[in-house]
2 protein chains.
Amino acid sequence: MAPRIVSEEDVLTGLTELFRGCGYEAATLTEIANATGLQKSSLYHRFPGGKQQMAAEVAAGVGERFAKDILAPLGKDGALDERVRAVGRKLTEFYASGHRACLLDALSFGEPGSAASDALKAAANAWADAFASVSREAGHRPAEALALAQDAIAAIEGALVIARITGDNRCFLRAIKRLPASLGLPPD
Amino acid sequence: MAPRIVSEEDVLTGLTELFRGCGYEAATLTEIANATGLQKSSLYHRFPGGKQQMAAEVAAGVGERFAKDILAPLGKDGALDERVRAVGRKLTEFYASGHRACLLDALSFGEPGSAASDALKAAANAWADAFASVSREAGHRPAEALALAQDAIAAIEGALVIARITGDNRCFLRAIKRLPASLGLPPD
DNA sequence: GTCTATACGACGATAGAC
DNA sequence: GTCTATCGTCGTATAGAC
């Protein structure tokens with residue numbers, strides 16, 4: 001077959017969607033090759049550390065994009081409640097209204113390696129910190145703000161689990177809708 | 001080796017703990033044999049449908065025990081808020097204070113087969129129905145009660161994800177503590 | 001009903017040509 | 001940097017003795 005040049009971004013995107021959909025162990029190299037458009041050996045050229053490195057780079061990459069596209073705008077100027085509603089819209093898109101699994105969950109079973117686990121943990125903490133910052137801005141003390149932030153994230157993660165099992169995504173939509181209240185913003 | 005007679009209950013317990021810990025795909029037959037104390041061929045004698053049947057029976061078995069040990073007491077006599085606090089204590093034990101993963105999550109990645117998926121869905125719905133019943137008893141209308149129930153379950157499931165990734169189980173403990181309020185019971 | 005032994009395909013990973 | 005071809009291992013699953 002003629003060599004296909006696939007951009008690094010496309011490779012990471014294909015990897016990400018595959019891991020997100022079926023988890024770490026169930027994503028075989030054959031499926032990864034299909035999803036990325038690269039042969040196995042080409043994948044090993046880009047990821048000498050093998051499947052574990054793929055998972056680690058996926059985790060780190062998603063963490064970066066999540067922080068940049070979704071969390072960073074939270075710190076911009078503008079009314080606090082509007083910023084929170086904006087992040088809710090971004091999350092709804094990111095998780096396809098609740099029908100797409102979260103990589104924090106999908107990559108946390110099996111043996112993805114410590115690099116991936118560390119990246120997941122860092123991403124989860126960055127998310128919590130960003131939400132906690134909002135909660136502090138709304139007037140809550142640091143410890144309480146972090147608790148509210150974690151709980152708001154858990155509501156979303158749990159809703160994704162429920163949606164994946166039952167097919168019912170209303171739980172996710174509610175979690176997004178009450179996000180301002182969950183983070184301790186005053187009612188309208 | 002001399003034949004070891006292992007009770008069906010012990011086999012199911014070993015299977016359950018293994019699947020819970022590492023998910024469906026990562027649980028290999030070799031590990032399953034170690035966890036149950038049976039050889040692979042003995043496992044196939046008990047589960048002719050192979051690994052998928054093992055997952056299905058684990059899902060069904062846990063659903064049964066969950067319904068019997070944790071949900072059924074919710075319908076017994078006694079003060080409503082005390083019954084809910086009791087279920088909170090049971091859940092704390094069941095999930096080892098948040099450090100043990102939920103099979104709803106662990107068995108929902110990979111290809112566990114439709115029998116297992118159906119059992120998971122049934123278990124999730126039974127849980128939601130039981131919580132919704134509490135919420136109705138507290139005076140909420142059916143649709144609202146179901147929403148509160150799903151959200152309360154999502155808070156727990158999400159907290160388990162957070163705890164698994166970050167090691168921080170406080171989120172789980174908070175979800176249990178606010179369970180009465182989450183289900184719409186009046187404050188003390 | 002459990003065991004030992006094995007079949008056989010798929011798995012992650014590598015070699016080497018281009 | 002991608003390809004074709006292949007390696008050794010481990011995966012699920014079976015055969016057949018006891």
Side-chain angles (χ1 to χ4, degrees), chain A residues 1-59 61 106-107 109-117, chain B residues 1-16 18-19 21-59 61 106-107 109-117:
Chain A
M1 186 190 286
R4 301 171 52 176
I5 306 300
V6 183
S7 75
E8 180 165 345
E9 189 185 330
D10 286 350
V11 170
L12 214 60
T13 301
L15 270 172
T16 301
E17 289 314 298
L18 186 64
F19 278 133
R20 195 206 294 273
C22 62
Y24 177 73
E25 299 290 343
T28 71
L29 280 177
T30 300
E31 288 176 297
I32 292 173
N34 290 338
T36 57
L38 287 177
Q39 298 298 324
K40 296 178 191 176
S41 42
S42 302
L43 288 164
Y44 275 86
H45 179 79
R46 301 202 187 198
F47 304 95
K51 196 176 160 183
Q52 289 198 337
Q53 186 184 350
M54 299 179 205
E57 294 203 14
V58 161
L107 288 182
F109 287 105
E111 304 280 349
S114 57
S117 298
Chain B
M1 186 190 287
R4 302 171 51 177
I5 307 298
V6 183
S7 76
E8 181 165 344
E9 189 185 330
D10 286 349
V11 170
L12 215 60
T13 301
L15 270 170
T16 301
L18 187 64
F19 278 132
C22 63
Y24 178 73
E25 299 290 344
T28 71
L29 281 176
T30 300
E31 289 175 297
I32 293 173
N34 290 337
T36 57
L38 286 178
Q39 297 299 324
K40 296 176 191 177
S41 42
S42 302
L43 288 164
Y44 276 88
H45 180 79
R46 302 202 186 197
F47 305 95
K51 195 175 160 183
Q52 289 197 336
Q53 186 183 351
M54 299 178 204
E57 294 203 14
V58 161
L107 288 183
F109 287 106
E111 304 279 349
S114 57
S117 299

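Scope of the values below: all heavy atoms of this structure, side chains included, with no hydrogens, waters or symmetry mates. Residue numbering restarts at 1 for every chain, and letters A, B, ... go by the order of the sequence lines.
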Student: Under a 4.0 Å heavy-atom cut-off, which of residues 18-37 of chain A touch DNA chain C?
Tutor: A:Ala27, A:Thr28, A:Leu29, A:Thr30
Student: Could one point to a donor on the side chain of B:Ser41 or the base of C:dC3 with an acceptor on the other under 3.5 Å away?
Tutor: yes
Student: Can you tell me the distance, in whole Å, between the CD atom of A:Glu111 and the P atom of D:dG11?
Tutor: 12 Å
Student: Measure the distance from CD1 on A:Ile5 to P on D:dG1 and round it to the nearest whole Å.
Tutor: 9 Å
Student: How long is the span from the OG1 atom in B:Thr16 to the CD atom in B:Glu9, to the nearest 0.5 Å?
Tutor: 10.0 Å
Student: Going by number, which of residues 49-57 of chain A have a non-hydrogen atom under 4.0 Å from DNA chain C?
Tutor: A:Gly50, A:Lys51
Student: Would you list the pairs meeting side chain to side chain donor-acceptor pair (under 3.5 Å) in which at least one residue belongs to residues 43-59 of chain B, sequence neighbours left out?
Tutor: B:Gln53-B:Glu57
Student: If I take atom CD in residue A:Glu8 and atom P in nucleotide D:dG1, what distance separates them, rounded to the nearest angstrom?
Tutor: 10 Å
Student: Which of the following nucleotides, C:dC3, D:dC3, D:dG1, is nearest to the side chain of A:Arg46?
Tutor: D:dG1
Student: Does A:Thr36 have any side chain to side chain contact (heavy atoms under 4.5 Å, CB included) partners at least two apart in sequence or in another chain, and if so, which?
Tutor: A:Val11, A:Leu15, A:Ile32, A:Leu38, A:Leu43
Student: What is the distance, to the nearest angstrom, from the OH atom on A:Tyr44 to the C1' atom on C:dT14?
Tutor: 9 Å
Student: Whole angstroms only, please: what is the CG-P distance between A:Leu43 and D:dT4?
Tutor: 13 Å
Student: When you measure from the side-chain N and O atoms of B:Ser42 to the phosphate of C:dC3, is any distance below 4.0 Å, counting only OP1 and OP2?
Tutor: yes
Student: Specify the separation, in whole Å, of atom NZ of B:Lys40 and atom P of D:dT14.
Tutor: 13 Å
Student: Search all heavy atoms of B:Leu107 against all heavy atoms of B:Pro112 and return the closest pair with its distance.
Tutor: O-CG, 3.3 Å
Student: Let me know the distance between CD of B:Gln39 and P of C:dT6, rounded to the nearest Å.
Tutor: 15 Å
Student: Report the residues that fulfil side-chain hydrogen bond (donor to acceptor under 3.5 Å, both in side chains) with A:Ser7, sequence neighbours left out, ordered by chain and then residue number.
Tutor: A:Asp10
Student: Which residues satisfy the ring-ring contact (aromatic ring centres under 6.0 Å, His included) test with B:Phe109, sequence neighbours excluded?
Tutor: none
Student: Going by side chain to side chain contact (heavy atoms under 4.5 Å, CB included), name the residues that satisfy it together with B:Ala56, two or more places apart in sequence or in a different chain.
Tutor: B:Ala115, B:Ala116
Student: Salt bridge (Lys or Arg N to Asp or Glu O under 4.0 Å): which pairs involve residues 18-39 of chain A, sequence neighbours left out?
Tutor: A:Glu17-A:Arg20
Student: Under the side chain to side chain contact (heavy atoms under 4.5 Å, CB included) test, which residues partner A:Thr30, sequence neighbours left out?
Tutor: A:Thr28, A:Asn34, A:Lys40
